[in-house]
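Before any comments, here is the structure.
Chain letters run A, B, ... following the sequence lines, proteins first, then strands; residues in each count from 1. None of these values were measured; they are calculated from a predicted model.
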Amino acid sequence: MQPAFTVRTPFANLGVKVEQGCVAGIQAVANSLDLPPLTELDKKITRQLNQYCKQQTDCFDVSLKLNGTPFQKKVWRELRRIPPGKVTTYGAIAEKLHTSPRAVGNACRRNPVLLMVPCHRVVSSSGLGGFAGKTRGKWPGIKRKLLQHEGVILD
DNA sequence: TGTTTTGGGGCTG
DNA sequence: CAGCCCCAAAACA
């Protein structure tokens with residue numbers, strides 16, 4: 001089955017199947033595509049992603065070595081403190097870091113690990129906000145589904 | 001609904 | 001280094 005979209009991680013490309021308004025399952029694209037065999041770390045990530053889909057909670061205990069500017073790392077570190085089921089705004093993050101909402105969105109846009117750095121839990125003050133670098137198209141819809149999966153009530 | 005301000009990154013020279 | 005453009009925002013009229 002073709003995954004609805006691909007989650008980018010430092011370790012592997014993982015397909016995520018989205019159906020009926022929630023994230024229903026994860027499958028490693030490696031099974032169906034020409035990708036190298038999964039390493040132990042890949043399998044661990046896959047297990048944790050599966051667990052996220054079942055339990056709607058974060059189980060990501062891998063240490064991420066993210067490439068980014070010092071500012072981006074500060075923003076990403078702040079994002080990882082947002083628990084599942086909670087959302088915050090670009091403005092609130094900006095206030096904590098003494099910067100501007102615009103700059104926070106810029107750093108979110110460059111987040112390489114969706115889900116593990118939960119940028120989907122940051123919304124605009126006047127709506128959903130963008131996701132995966134896009135403000136239109138399917139990605140904002142996926143953001144919405146991830147939030148619904150975590151039990152967030154959206155207007 | 002517009003328009004204006006905004007901070008950081010990436011690019012060019 | 002400076003100048004310029006791009007943005008997943010926000011405030012305001």
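- Pairing each heavy atom of P84(A) with each of E150(A), the nearest pair is CA-OE1, 3.6 Å.
- Below the 3.5 angstrom threshold, one finds no donor paired with an acceptor across the side chain of Y90(A) and the base of dA10(C).
- Summarising the geometry of G85(A) relative to V152(A), their closest heavy-atom pair is O-CG2, 3.5 Å, with the distance given to 0.1 Å.
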Each nucleotide N or O in nucleotides 4-8 of chain B that has a protein N or O under 3.5 Å away: list the pair and distance.
residue	atom	partner	partner atom	Å
dG7(B)	O4'	S100(A)	OG	2.9
dG7(B)	O3'	T99(A)	OG1	3.3
dG7(B)	N2	N106(A)	ND2	3.1
dG8(B)	N2	N106(A)	ND2	2.9
dG8(B)	N3	N106(A)	ND2	3.0

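- In this structure, N111(A) atom CG and dG9(B) atom C1' are separated by 16 Å, rounded to whole Å.
- Using modelled atom types and a 3.5 Å distance limit, the side chains of N106(A) and R110(A) yield a donor-acceptor pair.
- Looking at every heavy atom in both residues, A103(A) comes nearest to T99(A) through CB-OG1, 3.6 Å.
- No side-chain heavy atom of V87(A) sits less than 4.5 Å from a side-chain heavy atom of H120(A).
- Going from atom OG1 of T89(A) over to atom CZ of R121(A) covers 15.5 Å, rounded to the nearest 0.5 Å.
- When rounded to the nearest whole Å, the span between NZ of K73(A) and C1' of dG9(B) equals 15 Å.
- No donor-acceptor pair under 3.5 Å is formed between the side chain of K143(A) and the backbone N or O of A132(A).
- Across C119(A) and F131(A), no two heavy atoms sit closer than the pair SG-CE1, 3.8 Å.
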Query raised in the report: Tell me, what's DNA chain B's dot-bracket, Watson-Crick or G-U with both distances under 3.5 Å, | for other-strand, [ ] crossing?
Result: |||||.|||||||
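- Straight-line distance from the NZ atom of K134(A) to the P atom of dC7(C): 11 Å, rounded to whole Å.
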